[in-house]
Amino acid sequence: MAETATKDMNVQVVEDKVTSPWKEALRTFLRSKSAVAGTVIVLFFILVALFAPIIAPEGINEQKLGDPSTHLVPPSSEFWFGTDEFGRDIFSRVVWGAQISLTVGFGAVVLSAVLGSFLGIIAGYYGRWVDTIISRFFDILLAFPSILLAIAIVSILGSSLQNALIAIAIVNVPNFGRLIRSKVLSVKEEEYITAAKAIGMKDSRILLRHILPNSFAPVIVQGTLAIATAIIEAAALSFLGLGAEPPQPEWGKMLADARIYLMNAPWTMIFPGLAIMLTVLGFNLMGDGLRDALDPKMKN
Amino acid sequence: MLKKLWSVGLLLLIFVLAACSGNDKANEPAETDGDKKSNVPQVLVFGRGGDSVSLDPAIVTDGESAKVTINIYETLVNFGEQDTTIHPGLAESWEVSEDGLTYTFKLREGVKFHDGTDFNAEAVVKNFERWKAGASEKFYYYHSMFKADGEDIISEVIADGDYTVIFKLSRPQAPFLKNLAMFPFGIASPTALDQYGESFGDNPVGTGPFKFVEWKRNDSITLEKFEDYWQEGLPKLDKVIFRSIPDNSARLNALVAGEIDLADGINPSDAQSVEANANLQLIERPSMNIGYLGLTNTRPPFDNKLVRQAVNHAIDKQAIVDAFYLGRAEVAVNPMPPSISGYNDAIKDYEYDPEKAKALLAEAGYDGTPIELWAMPVPRPYMPDGRKIAEAIQKNLQDVGIPSEIKTAEWATYLDMAKNGEFDAFLLGWTGDNGDADNFIYTLLDKDTIGSNNYAYYANEEVHNLLIQAQSEVDEEKRNELYKKAQEIIKEDAPWVPLAHSIPLLAAKKGVTNYKPHPTGSEVLSNVEIQ
């Protein structure tokens, strides 16, 4: 007993000595109640999305058309969230909708982070005319209101969920690009980069092994927050009929379909709306917590 | 502190201004009240789904234009108040020759156009000559009603004295009077036609109960009472304002809020809440329409009759009617509603039977190629929510093994694409213009009308012969037999899945009386009164 105790103590001591910045960040993060709450919400929705087939085995399009016992029935023990005008269980659709919204959110953000980081690093590291061209390109993209640009892109590509994802990704590219670029501008002046150059390291290796890892923290923060916006944008596009196609249970589309029942069957609207609100809230709280933890400027 | 005071002051100012403008509005009717004996201002604000295209009825085809022009212009003969029987209009009486080739109209005397021009035989002749000489794209209705294969059905219109007009036809046309009663053949002032030329559509002048005042594009059209109207005591309204509010729910909200007095295009799902509202009344328009799923007959897989029949078996129409029309429709069997003379009620519908559909598909050798299923983007009187009906049909088709993708396009584009036969399967519909079988079957399914209203590209020589024969058959019974035969062939060929004959809904404030919606979708408002 005593032995194990000392051992544990030793480990503790060793850990304290080499406090890695990541561990420090984790501690700050866990100290914030709202960040933890956000993470719990996000994890909850991820689990719901992963286990949708088990939670809602009925699927998304089990129509019981024209049957009064399932036509726009209010929430009950049988249908937790009520049913829609097709006689479909709204609970099942909201659960499966989590898959769609999270996929679009993550997908769009990963895509735009990759593209944005790539352009940002090149612009920041090489500077001069490369920087000018890429930065002006970002400016052009940023000059449009994001949802308007997304609508324009979807109109060109044709409306589908996949194209909505691509559109949202493109819209978000300049945010990541600028972020990385500014970070690279300062990192590339560090001594270890000069050292790497001095020993004749290739540009690609410097970029990937030294600059990228050291510029990446803000991308994680931005990424988490961007997922929230991406989910809202996807819902907005689907609401406008430019994203998900029937019978996909995309939350924004469910809202649009429920509009005419606002007065007499509000549950068709409330639950998908709540789902959007909660996921977005979760990602935002988590993102805020991450920023507090990872951004050195916030430390006092 | 100073900042706070400022904002409080600003807030107060806003309130005062708001109160002032509110007062102005409240005062306005009160002032007019003083002039009039009745206490209620006779102004009707009619909320509808879209703006008119033009106010020259001869060049438009859309219902929103007709709703307005029917109040500005009058036709030689009129439809009944809520049916399509024929009554005297600008013509007091008429005679038809034995062979059905000469119609002699006795015109009403003492009728004036809004610009003071006298209405007489010459004016009638001038209007018909204008339509006859114009291009077919311009005077669409004239050409589709009174020309066939480039040949004029009305060969001559002659003025015999001031108040007699003689029409000479090149062949008998059974629905001739019904055709004349249609809104596109409203008589326009010859003086105004000369004066305005191309811009006549923005400066409409007719003989109707209301005259044109103002048109704010995409917002409102204002008409006012024509003081010299020939019918004593009519119209009862002083002013009619047609307001465009595209969204059905927004329009109903405007009615509830009192911004408008009458709203068309009420969602069936809102009917209950209208009935429950003590200040509103729900009005049903008599049904004379068809909503259908067209299967483009020239495109695979629907170039195969067996596949089309299979789709007819696959779709659960009753369930669709129950879920989306909420009892405000009946299931359609034929391409025209049962109220129309010549309807074949002996025809048995394809029953809902997915197994049979699968068997037919197997027999046809359908390979499971996905199809595109097009749904209209806007609510129409014959179909309140096309996209949802499409989603239900998608499921029905999926159940029998036809994968489909739902698509939609902006309304004008949608109609263009349908005209060009670019859809595999599509939702559309039709509201009858004159209550004649010809106006449904010939207009929608004859090979002549491919490229206009025959969106399914259905062409059957036998049907064509029957329909052409029926057009010049004057004997009602023989004529109906021809249409019944045509419906049998069409049922077998299955160019469509006829879905529903809907009852379009309107809602009005309780005080709106004597508003009688017409089955054609547009009505004269001269008897409407506000109490």
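Hydrogens, waters and symmetry mates are skipped; everything else that's a heavy atom, side chains included, is used. Numbers restart at 1 for each chain; the letters A, B, ... are given by sequence-line order, proteins then strands.
With hydrogens and angles ignored, the 3.5 Å screen pairs a side-chain donor or acceptor of His501(B) with a backbone N or O of Asn289(B). Checking side-chain atoms of Arg48(B) against main-chain N and O of Ser244(B) turns up no donor-acceptor pair under 3.5 Å. Judged by distance alone, the side chain of Thr296(B) and the main-chain N or O of Phe423(B) form a donor-acceptor pair under 3.5 Å.
For Leu326(B), the part sitting under 4.5 Å from any heavy atom of chain A is the side chain, from C-beta outward, and nothing else.
Remark: Asp264(B) engages Lys67(B) in a salt bridge, criterion side-chain N to carboxylate O under 4.0 Å.
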Any donor-acceptor pairs between chain A and chain B, under 3.5 Å? If so, list them.
unit_1, atom_1, unit_2, atom_2, d
Ser269(B), O, Asn264(A), ND2, 2.4
Lys388(B), NZ, Glu85(A), OE2, 3.0
Lys388(B), NZ, Asp257(A), O, 2.4
Glu391(B), O, Gln63(A), NE2, 3.4
Glu391(B), OE2, Arg88(A), NH1, 2.8
Glu391(B), OE2, Arg88(A), NH2, 3.1
Gln394(B), NE2, Pro246(A), O, 3.4

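Within a 6.0 Å sphere centred on CG of Asn218(B), other residues, nucleotides and ligands contribute 12 heavy atoms or fewer.
Taking the six-membered ring for Trp, Phe176(A) and Phe118(A) have ring centres at least 6.0 Å apart.
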